[in-house]
Protein chains: 2
Amino acid sequence: MTRASSRRPGPPTRTERGIPEATVARLPVYLRALTALSDSGIATASSEDLATAAGVNSAKLRKDLSYLGSYGTRGVGYDVEYLRYQIAREIGVTQDWAVVIVGIGNLGHALANYSGFGTRGFRIVALLDADPALVGERIGDMEVRDFAELEDIVEADRVSIGVITTPAGPAQEVCDRLVAAGVTSILNFAPVVLSVPDGVDIRKVDLSIELQILAYHEQRKSGEVALPQVPELPATNGLTPDLPAVGGGVGA
Amino acid sequence: MTRASSRRPGPPTRTERGIPEATVARLPVYLRALTALSDSGIATASSEDLATAAGVNSAKLRKDLSYLGSYGTRGVGYDVEYLRYQIAREIGVTQDWAVVIVGIGNLGHALANYSGFGTRGFRIVALLDADPALVGERIGDMEVRDFAELEDIVEADRVSIGVITTPAGPAQEVCDRLVAAGVTSILNFAPVVLSVPDGVDIRKVDLSIELQILAYHEQRKSGEVALPQVPELPATNGLTPDLPAVGGGVGA
DNA sequence: AGGAGCTTGTGAACGTGAGAACAAAATCGG
DNA sequence: CCGATTTTGTTCTCACGTTCACAAGCTCCT
Ligand SMILES: NC(=O)c1ccc[n+]([C@@H]2O[C@H](COP(=O)([O-])OP(=O)(O)OC[C@H]3O[C@@H](n4cnc5c(N)ncnc54)[C@H](O)[C@@H]3O)[C@@H](O)[C@H]2O)c1
Ligand SMILES: NC(=O)c1ccc[n+]([C@@H]2O[C@H](COP(=O)([O-])OP(=O)(O)OC[C@H]3O[C@@H](n4cnc5c(N)ncnc54)[C@H](O)[C@@H]3O)[C@@H](O)[C@H]2O)c1
């Protein structure tokens, strides 16, 4: 019995070696911080040091690390190289993962040119696009290939991660093709909600959303009472000023 | 500090019109969904419809919207245009925010070429780079300008949002310059933890981290018991195989 | 050898978020 | 005009995440 049988409010009911999602999302940050420390020639670091480097609270860092095991030494701290390897192993980046990028436009080009993935556990094995004018173009040491080759590539290179940088329109269709081909993790840059079957993981990156979140807080800083930097809101009559006028009622 | 007088465990103790962070992060998604519905000519949508379009649970959506006010009609649903305007107003994107992008390399170019920001409440007013070879280059209808002009631009255009797409090395320095110039919200793409004074908001986008999170789950799918796709781990002796050998001990 | 001084690992308290469930309000048909 | 139907707004409960605080454990100095 892995303890998941008793559904009582006691302990957080952690599954066998199941690491909380919030912790998983921070492990890569710790990994980055450890790599930086290692590059600086630092061999040992306390949770306080590491927490500072990673931009988190030290108690949180210690608790996060405790899910992986007891890799520190009381009274001393953590061995940088050792912990780095343990985290890399837990994340699964001790060997490279094959990745395909679909949609080699502005963003796809930037990603294809980026050298940082190789050093972080990922190997881009193909750049795919549906536009015949793009197919054959060289980017770095790679060549853009036809999207139709997807299935062959996924099988040949055992690709399990796909990146979607197509426009929003074809994104779901591209996603379906990826999943059908055997890809089980997708990073989506298109501003749409993709639906996938169980067992497939999706993460999305939406830059407009990030900016809008910043805008929300920005608006509250200046004015404090819903007075944006360039205050030009009408009275709260509930009518949109520059949109097709729509009353508060609905069916009328 | 407005409130903080009654520090009791009763209701969630919401600040005066303070919207939970988790909700703030979803509002842009609702906005996007509403815009899509609007473009499809749909005038009214129930919380169920909206929730599906936004990829969330309908109870969560209703609760989120309830923080903004009572903008729906029981028995009917929400007026798409009306709700869209209310959310846009709450986020603060009923008028445009001026944005500067610093570091016009691969990623900076992609962002500069992206047309989606303009329709979502943001106006890119300057592309800045420290490399003299880049200054003067035209991208779309803009021209890359020298980073030294930052302060003038921020003041002239009342810029409050900055985007950092420089390498990790100079990112903190660039960040400091932005803050000193008066920028109070920063979107950071460089893989470093930036430190900023209180009152300045930071959001980060790190694609390697996103991929690593996917890799973690991918690893658990295949193998289930820490058996990655290409199992090649040594016994758990605590030594890194291909890193400079480091013992488990620390001071020895 | 023994105690002083650190730092980890974790139990417990607290706060935030998610989802089920339902009463309140609006429309519609008769 | 009234009751059936629909869907919102909100309450309640549980799960998850964060932070505090401290005992356990390690090292080093005397
Ligand atoms: N460029 C940015 O900075 C930026 C910022 C935020 C969001 N995005 C989003 O990222 C995505 C890509 O943006 P972009 O600026 O690179 O767009 P883009 O138009 O420059 O590139 C899209 C590419 O996808 C290809 N494509 C279209 N349909 C395809 C299909 N069915 N199969 C394979 N390839 C297909 C096109 O040929 C094109 O090369 C968009 O969804 C956009 O909204 C981009
Ligand atoms: N390109 C990608 O797909 C990608 C993916 C993940 C992360 N990133 C990160 O995004 C950042 C940018 O990536 P990139 O590929 O565009 O890099 P890049 O090297 O192509 O561009 C960086 C630009 O910043 C400019 N710059 C350097 N120092 C500066 C300074 N002090 N002030 C102003 N400008 C300065 C350089 O002149 C250059 O034009 C990096 O931190 C990278 O790690 C990029």
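Residue numbers start from 1 in every chain, and the chains themselves are labelled A, B, ... in the order their sequence lines are given, proteins ahead of strands.
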Is the distance between the ring centroids of B/Y78 and B/Y71 less than 6.0 Å?
-> no
Below 4.0 Å: OP1/OP2 of C/dT7 and any side-chain N or O of A/S46 = no
How many Å lie between CG on B/D49 and C1' on D/dT6, as a whole number?
-> 13 Å
What N/O pairs connect the protein and nucleotides 9-11 of chain C at under 3.5 Å? Give each pair on its own line.
unit_1	atom_1	unit_2	atom_2	d
C/dG9	OP1	A/Y71	N	3.4
C/dG9	OP1	A/G72	N	3.0
C/dG9	OP2	A/Y78	OH	2.6
C/dG9	O4'	A/R74	NH2	3.1
C/dG9	N7	A/R62	NE	2.9
C/dG9	O6	A/R62	NH2	3.1
C/dG11	O6	A/K63	NZ	3.4

Is the side chain of A/K221 donor-acceptor paired with the backbone N or O of B/V200 at a distance under 3.5 Å, no angle test?
-> no
Can you tell me the distance, in whole Å, between the OH atom of B/Y82 and the C1' atom of D/dT8?
-> 15 Å
After noting the C-alpha distance and the side-chain angles of B/S47 and B/S58, does the key distance pass the side-chain contact (heavy atoms from CB on, under 4.5 Å) rule?
-> CA-CA 6 Å; B/S47 63; B/S58 70; 4.2 Å; yes
Rounded distance in Å - CG (B/N57) to P (D/dG9) = 15 Å
Rounded interatomic separation in angstrom, taking CZ from B/R26 and C1' from C/dA18 = 8 Å
Using distance only, find each side-chain donor-acceptor pair of residues 187-198 of chain A under 3.5 Å and give its atom names and separation, not counting sequence neighbours.
unit_1	atom_1	unit_2	atom_2	d
A/N188	OD1	A/A190	N	2.9
A/N188	ND2	A/A190	O	3.1
A/N188	ND2	A/V192	O	3.3

Where the side chain of B/E21 is concerned, which of C/dT8, C/dG17, D/dT7 is the nearest nucleotide?
-> C/dG17
Between D/dT10 (P) and B/L68 (CG): distance, integer Å = 12 Å
Salt-bridge present (B/D79, B/R84; N to O < 4.0 Å) | no
Nearest whole angstrom, please: distance from the P of C/dT16 to the CD1 of B/I19.
-> 15 Å
d(CD, A/E48; P, C/dC6) in whole Å = 14 Å
Between atom NZ in A/K60 and atom P in C/dA13, what is the gap in whole Å?
-> 21 Å
Should the heavy atoms of other residues, nucleotides or ligands under 6.0 Å from CD of B/E173 be counted, would the total exceed 12?
-> no
